[in-house]
Amino acid sequence: PYYARYVALSKGASVTALRALVGDVDTLRAVDDDASLYSYAPTKWTIRELVQHLIDCERIMADRALRIARGDTTPLPGFDEDAYVLASNANERPWSNLLDELSAVRASTVALFDSFGKPDASTWLRQGIANGAPVDVQALAAIIAGHAAHHMIILHDRYNAALPPRP
């Protein structure tokens, strides 16, 4: 249920939907170095922290997909996104470095899901337990795509960053 909002924002659970995420990096490159340290409220993440969050979450969800796709039945733990961001030191990293890392993670995610075959292949339908709930590989693809879309909407709507208008 927690991830339903992300699945609703995804453009499907497919490699094509994941490939579309690569354009996010180009959009984010429009944000200059100083603006990347902007936060719209004192308790909210900076743009750099938000990008680090995207990187971390995508890696975790892709790892879950890999483990489930390979038949690993170990229940996979959840994680505290705020603790991850706090420990990341994202604001001390060069902005261009964060964007390069996001680009590399996106390419890796696409390659991983591409290796699973077509979305109707049995690998995409394999199920496991993550954060105490059942999930399949196909849902993880949609979660990754929808989570990225969710945060790009937030960037456009709340950060007033130097981003082109939302499509």
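A quick note: this is a predicted structure, and the numbers were derived from the prediction, not measured.
When every heavy atom of Tyr84 is checked against every heavy atom of Ile60, the shortest pair comes out as CE2-CD1, 3.6 Å. Closest heavy-atom contact between Arg67 and Thr74: NH2-CB, 3.7 Å.
Side-chain contact annotation: Asp56 with Gln52, donor-acceptor N/O pair under 3.5 Å present.
Atoms CG and CZ, from Leu125 and Phe116 in turn, are 12.0 Å apart once rounded to the nearest 0.5 Å. Going from atom CD1 of Ile47 over to atom CG of Asp34 covers 11.0 Å, rounded to the nearest 0.5 Å. Note that CZ of Arg93 and CG of Leu99 are 9.5 Å apart. Values are rounded to the nearest 0.5 Å. For the atom pair Ile68 CD1 and Leu76 CG, the distance stands at 5.5 Å (nearest 0.5 Å). Atom-to-atom distance recorded for Trp45:CH2 and Leu50:CG is 6.5 Å, nearest 0.5 angstrom.
A side chain to side chain contact (heavy atoms under 4.5 Å, CB included) with His147 holds for exactly one of His53, Met61, Met152; it is His53.
Cluster annotation: Val110 is not connected to Leu28 through the hydrophobic network of ILVMFWY side chains, with a link wherever side-chain heavy atoms come within less than 4.5 Å. Val7 and Trp124 end up in the same hydrophobic cluster when Ile, Leu, Val, Met, Phe, Trp and Tyr side chains are linked at under 4.5 Å. Residues Val105 and Leu155 share a hydrophobic cluster, clusters being chains of Ile/Leu/Val/Met/Phe/Trp/Tyr side chains in contact below 4.5 Å. Note on Ile55: it does not cluster hydrophobically with Leu66, by side-chain heavy-atom contacts below 4.5 Å among ILVMFWY residues.
A salt bridge is defined here as a Lys NZ or Arg NE, NH1 or NH2 lying under 4.0 Å from an Asp or Glu carboxylate O, and Lys44 with Glu49 fails to meet this definition. Salt-bridge check for Asp24 with Arg29: failed, with every basic side-chain N at 4.0 Å or more from each acidic carboxylate O. Salt bridge Asp33/Arg48: present, at least one basic N to carboxylate O contact under 4.0 Å.
Cation-pi geometry between Arg5 and Tyr2 is satisfied (NZ or CZ under 6.0 Å from the ring centre, within 45° of the ring normal).
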Under 3.5 Å, which donor-acceptor pairs link side chains of residues 128-146 to any protein atom two or more places apart or in another chain?
from, atom 1, to, atom 2, distance (Å)
Asp136, OD1, Gln138, N, 3.2
Asp136, OD1, Ala139, N, 2.6

Got a list of side-chain donor-acceptor pairs under 3.5 Å for residues 13-21, not counting sequence neighbours?
from, atom 1, to, atom 2, distance (Å)
Ser14, OG, Thr16, N, 3.4
Ser14, OG, Ala17, N, 3.1

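With hydrogens and angles ignored, the 3.5 Å screen pairs a side-chain donor or acceptor of Asp32 with a backbone N or O of Ala35. Formation of a donor-acceptor pair under 3.5 Å by the Ser103 side chain with backbone atoms of Asp100 is not found in this model. In this structure, Arg126 contributes its side chain and Ala69 its backbone to a donor-acceptor pair below 3.5 Å.
Two residues are said to be in side-chain contact when any heavy atoms from C-beta on lie closer than 4.5 Å; Arg106 and Leu102 meet this criterion. Looking only at side-chain heavy atoms (C-beta outward), Glu101 and Val51 stay at 4.5 Å or farther from each other. Looking only at side-chain heavy atoms (C-beta outward), Cys57 and Phe79 come within less than 4.5 Å of each other. Two residues are said to be in side-chain contact when any heavy atoms from C-beta on lie closer than 4.5 Å; Ile154 and Tyr159 meet this criterion.
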### Task
Kindly determine whether Thr109 and Glu58 satisfy side chain to side chain donor-acceptor pair (under 3.5 Å), including the steps that lead there.
CA-CA 8 Å; Thr109 299; Glu58 191 161 324; 2.8 Å; yes

